[in-house]
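Predicted model only: the values in this text are computed from it and were never measured.
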Amino acid sequence: RAFPKYLDPDQADKDIVFNEMNIDWTQELTIVEGPFDMTKCDENVTCLLGSNFSEKSRLFEMIARHNTPVILALDADVRRKAAKIAVLANEFDVDIRMLPLGDRKDVGEMTKSEFLEAKRNAVPWTWNTYIADKISTITTASIMGRPQNESSSHRRRPLAGSHEAR
């Protein structure tokens, strides 16, 4: 039987700032996805405890209230979520930097020294970097309205017994 890595608290994620008592809101704050990612980071760090981050979350309230600069160090598979967070923070004049993961899936795969190096190389988020990132994800297939894994020579085969199969 497989056990989860950790259990989320019963309280709504939006009301919790993980590690809040150790956060200095006047210093740049690193945000990662989960508590295990935090173990690879330096002092001023919290995690999203999943993915809840909105204007109504306590974490966002504290960042906006103190105008806390943020380094987003989210997992590679949640690139869109990181961009949405950056856009929201930008609306409140919060400085955001994006941590480069290189070939890693998440901060948890890094050593502490690799994290510190990546942090030094974190890129400031701007509308220009946002647009450039959006453009870099465009493929010919997406422009043509086809799923990206479908080649131009592939045609949908009709289901057996359907009108098209006859």
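A continuous path of hydrophobic side-chain contacts links Met98 to Trp127 [ILVMFWY only; heavy atoms under 4.5 Å]. Hydrophobic clustering (side-chain heavy atoms under 4.5 Å, transitive across Ile, Leu, Val, Met, Phe, Trp, Tyr) groups Met110 together with Leu116.
Two residues are said to be in side-chain contact when any heavy atoms from C-beta on lie closer than 4.5 Å; Thr30 and Val107 fail this criterion. Counting heavy atoms from C-beta on, the side chains of Asp95 and Val70 never come closer than 4.5 Å. Contact annotation: the side chain of Glu61 never approaches that of Val17 to less than 4.5 Å [non-hydrogen atoms, C-beta and beyond]. Side-chain contact check for Ile85 versus Leu74: some heavy-atom pair is nearer than 4.5 Å. You'll find the side chain of Val87 reaches within 4.5 Å of the side chain of Glu91, heavy atoms only. Residues Asp106 and Val32 fail the side-chain proximity criterion, which asks for heavy atoms closer than 4.5 Å. Using a 4.5 Å heavy-atom cutoff, the side chains of Ile23 and Thr68 are not in contact.
Scanning all heavy atoms of the two residues, the minimum distance from Ala122 to Pro100 falls at CA-CD, 3.8 Å. The two atoms that bring Pro35 and Cys47 nearest to each other are N-SG, 3.7 Å, heavy atoms only. In terms of heavy atoms, Asn22 sits closest to Asn19 at ND2-OD1, 2.7 Å. Between Lys112 and Cys41, the shortest heavy-atom contact is CE-O, 3.0 Å.
Taking CG from Leu29 and OG1 from Thr46, the interatomic distance works out to 6.5 Å, rounded to the nearest 0.5 Å. The CG atom of Leu99 sits 12.0 Å away from atom CD1 of Ile31, with the distance rounded to the nearest 0.5 Å. Taken from CD1 in Ile63 to CH2 in Trp25, the straight-line distance is 5.5 Å, to the nearest 0.5 Å. Separating the CD atom in Glu33 from the CG atom in Asp75 is a distance of 3.5 Å, to the nearest 0.5 Å. Here the CD atom belonging to Glu20 is positioned 5.0 Å from the CE atom belonging to Met62, to the nearest 0.5 angstrom. Between Glu43 atom CD and Met38 atom CE the span is 11.5 Å, to the nearest 0.5 Å.
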Item to check | Steps toward side chain to side chain contact (heavy atoms under 4.5 Å, CB included) verdict (Asn44, Glu28) | outcome: CA-CA 7 Å; Asn44 214 36; Glu28 187 172 57; 5.9 Å; no
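Every residue two or more places apart in sequence or in another chain that forms a salt bridge (Lys or Arg N to Asp or Glu O under 4.0 Å) with Arg79 is listed here: Asp133.
The environment of NZ in Lys84 is sparse: at most 12 heavy-atom neighbours from other residues, nucleotides or ligands sit within 6.0 Å.
Residue pairs meeting the salt bridge (Lys or Arg N to Asp or Glu O under 4.0 Å) criterion with at least one partner in residues 114-123, sequence neighbours excluded, are Asp42-Lys119, Arg104-Glu114, Glu117-Arg120. The ring-ring contact (aromatic ring centres under 6.0 Å, His included) pairs that include a residue from residues 67-122 are Phe60-Phe92, where partners are two or more places apart or lie in different chains.
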